[in-house]
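Written below as C-alpha cells is the structure these notes are about.
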Amino acid sequence: KHIGNDVVVIVFYDDLETSLAPVSIASQFINVYVVVREWGERYVVSVCERNEVGGFGPEMREKEMVFGAEEIWGEAGVFREWLLTKIVNGERAAYQSCGILAKRIRKTREMLLEELVSKYVPAQERGSISMSV
C-alpha cells in the first residue's frame, strides 16, 4: 500500500533497535505515527504527531507504553482496545486541528463517492451528489 495518503500510520518493528524518522516519509496527509515494537512477549508503543495536532487519548503514562502478553493476547483485549482508541482519536484530532487536511479528505471522499455512484447507480436514478460532513 502506498504510504502517504493516510492520516494515521502504524509502523511495526520486530526489534527495539530500529527507529522511525517521520521526516523521512514525505506526506501532506500523515499527521500521526504509532510505532509498535516487539520486545520478547511484549509490545512497546510510542506515538508522535505533528505539532498542529493537539493531544488525544487515551493518555500515555510515559513516553512509551509497554503491554505484556496477557494485555496483548488475553480475552479482555486491553492492547487491542487501547490501540484502536488511540488510532481513532489521533485521526479525529488531526481533522479538528488541520483545516487544510479536512478539505483534502473531503474532496477525496467526494471523488470516491461520485465514482461509486457513477459505477453502481443507473443514470436515470442519479440525483445531484451532496456530501455533508
Side-chain angles (χ1 to χ4, degrees):
K1 181 177 170 163
H2 174 71
I3 272 189
N5 290 336
D6 297 306
V7 177
V8 178
V9 173
I10 303 167
V11 180
F12 183 85
Y13 291 121
D14 57 4
D15 63 59
L16 286 176
E17 286 73 42
T18 308
S19 63
L20 173 72
V23 295
S24 66
I25 302 173
S27 172
Q28 297 176 3
F29 285 95
I30 300 174
N31 279 263
V32 179
Y33 295 88
V34 178
V35 180
V36 180
R37 294 182 315 239
E38 191 173 18
W39 181 32
E41 292 186 12
R42 291 174 259 175
Y43 288 157
V44 177
V45 181
S46 55
V47 178
C48 66
E49 64 275 341
R50 288 189 180 189
N51 292 336
E52 304 86 39
V53 178
F56 52 93
E59 296 276 332
M60 293 184 65
R61 297 180 299 271
E62 298 177 26
K63 184 180 172 186
E64 296 181 327
M65 298 282 291
V66 178
F67 293 89
E70 182 58 33
E71 294 169 305
I72 297 168
W73 309 113
E75 289 185 29
V78 173
F79 174 72
R80 180 182 183 275
E81 187 69 26
W82 184 91
L83 185 62
L84 290 174
T85 303
K86 194 69 170 172
I87 291 166
V88 169
N89 288 344
E91 185 163 342
R92 292 181 68 214
Y95 289 145
Q96 292 170 356
S97 65
C98 188
I100 294 170
L101 175 65
K103 288 178 186 176
R104 287 183 181 149
I105 297 296
R106 179 185 171 99
K107 184 171 177 75
T108 301
R109 287 179 178 166
E110 285 175 351
M111 290 175 21
L112 290 171
L113 181 59
E114 287 174 2
E115 182 181 326
L116 286 171
V117 168
S118 67
K119 187 173 182 178
Y120 295 108
V121 177
Q124 64 272 18
E125 294 180 24
R126 292 184 207 152
S128 64
I129 297 175
S130 173
M131 276 189 61
S132 59
V133 179

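Excluded from the calculations below are hydrogen atoms, water molecules and symmetry mates; all remaining heavy atoms, backbone and side chain alike, are included. Note that this is a predicted model, so its numbers are computed, not measured.
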- To the nearest 0.5 Å, what is the distance between SG (Cys48) and NZ (Lys63)? 10.0 Å

- Message: Distance check, rounded to the nearest 0.5 Å: Ser46 atom OG versus Tyr33 atom OH?
- Response: 13.0 Å

- Message: To the closest 0.5 Å, what do you measure between CZ (Arg92) and OG (Ser97)?
- Response: 12.5 Å

- Task: Would you confirm whether Lys86, through its side chain, and Val47, through its main-chain N or O, come within 3.5 Å as a donor-acceptor pair?
- Result: no

- Task: Give a yes or no answer on whether the side chain of Arg42 reaches the backbone of Ile72 with a donor-acceptor pair at less than 3.5 Å.
- Result: no

- Could you grab the distance from atom CD1 of Ile10 to atom CD1 of Ile87, nearest 0.5 Å is fine? 3.0 Å

- Before accepting this row, confirm whether a basic side-chain N of the pair Arg106/Glu110 lies closer than 4.0 Å to the acidic partner's carboxylate O. yes

- Query: Any sub-3.5 Å donor-acceptor pair from Asn89's side-chain atoms to Gly57's backbone N or O?
  - Reply: yes

- Who passes side chain to side chain donor-acceptor pair (under 3.5 Å) against Asn51, sequence neighbours left out? none

- Message: Could you tell me if the side chain of Val34 sits less than 4.5 Å from the side chain of Val8, heavy atoms only?
- Response: yes

- Item | Non-hydrogen side-chain atoms of Tyr43 and Glu38 separated by less than 4.5 Å | yes

- Message: Do Asn31 and Tyr95 make a side-chain contact, defined as non-hydrogen atoms from C-beta onward lying under 4.5 Å apart?
- Response: no

- Task: Just jot down the side chain to side chain donor-acceptor pair (under 3.5 Å) partners of Glu71, sequence neighbours excluded, or say none.
- Result: none

- Can any side-chain N or O of Asp15 pair as donor or acceptor with the backbone N or O of Thr18 at less than 3.5 Å? yes

- Query: With ILVMFWY side chains joined below 4.5 Å, transitively, what does Val88's cluster contain besides itself?
  - Reply: none

- Query: With Glu41, which residues qualify under side-chain contact (heavy atoms from CB on, under 4.5 Å), at least two apart?
  - Reply: Ala69

- Decide if atom CZ of Phe12 counts as having more than 12 heavy atoms of other residues, nucleotides or ligands within a radius under 6.0 Å. yes

- Task: Report the residues that fulfil side-chain contact (heavy atoms from CB on, under 4.5 Å) with Val44, sequence neighbours left out, ordered by chain and then residue number.
- Result: Leu16, Arg37, Trp39, Glu64, Val66

Pairs under 3.5 angstrom only: tabulate donor-acceptor contacts from the side chains of residues 77-85 to other protein residues two or more places apart or in another chain.
unit_1	atom_1	unit_2	atom_2	d
Thr85	OG1	Glu81	O	2.7

- Message: Please give me the minimum heavy-atom distance between Ala94 and Val7, naming the atom from each residue.
- Response: CB-CG1, 3.5 Å

- Message: Would you compute the distance between atom CZ of Phe56 and atom CD of Gln96 and round it to the nearest 0.5 angstrom?
- Response: 11.5 Å

- Dump the intermediate steps for side-chain contact (heavy atoms from CB on, under 4.5 Å) on Val45 and Phe67, then the final yes or no. CA-CA 8 Å; Val45 181; Phe67 293 89; 4.0 Å; yes

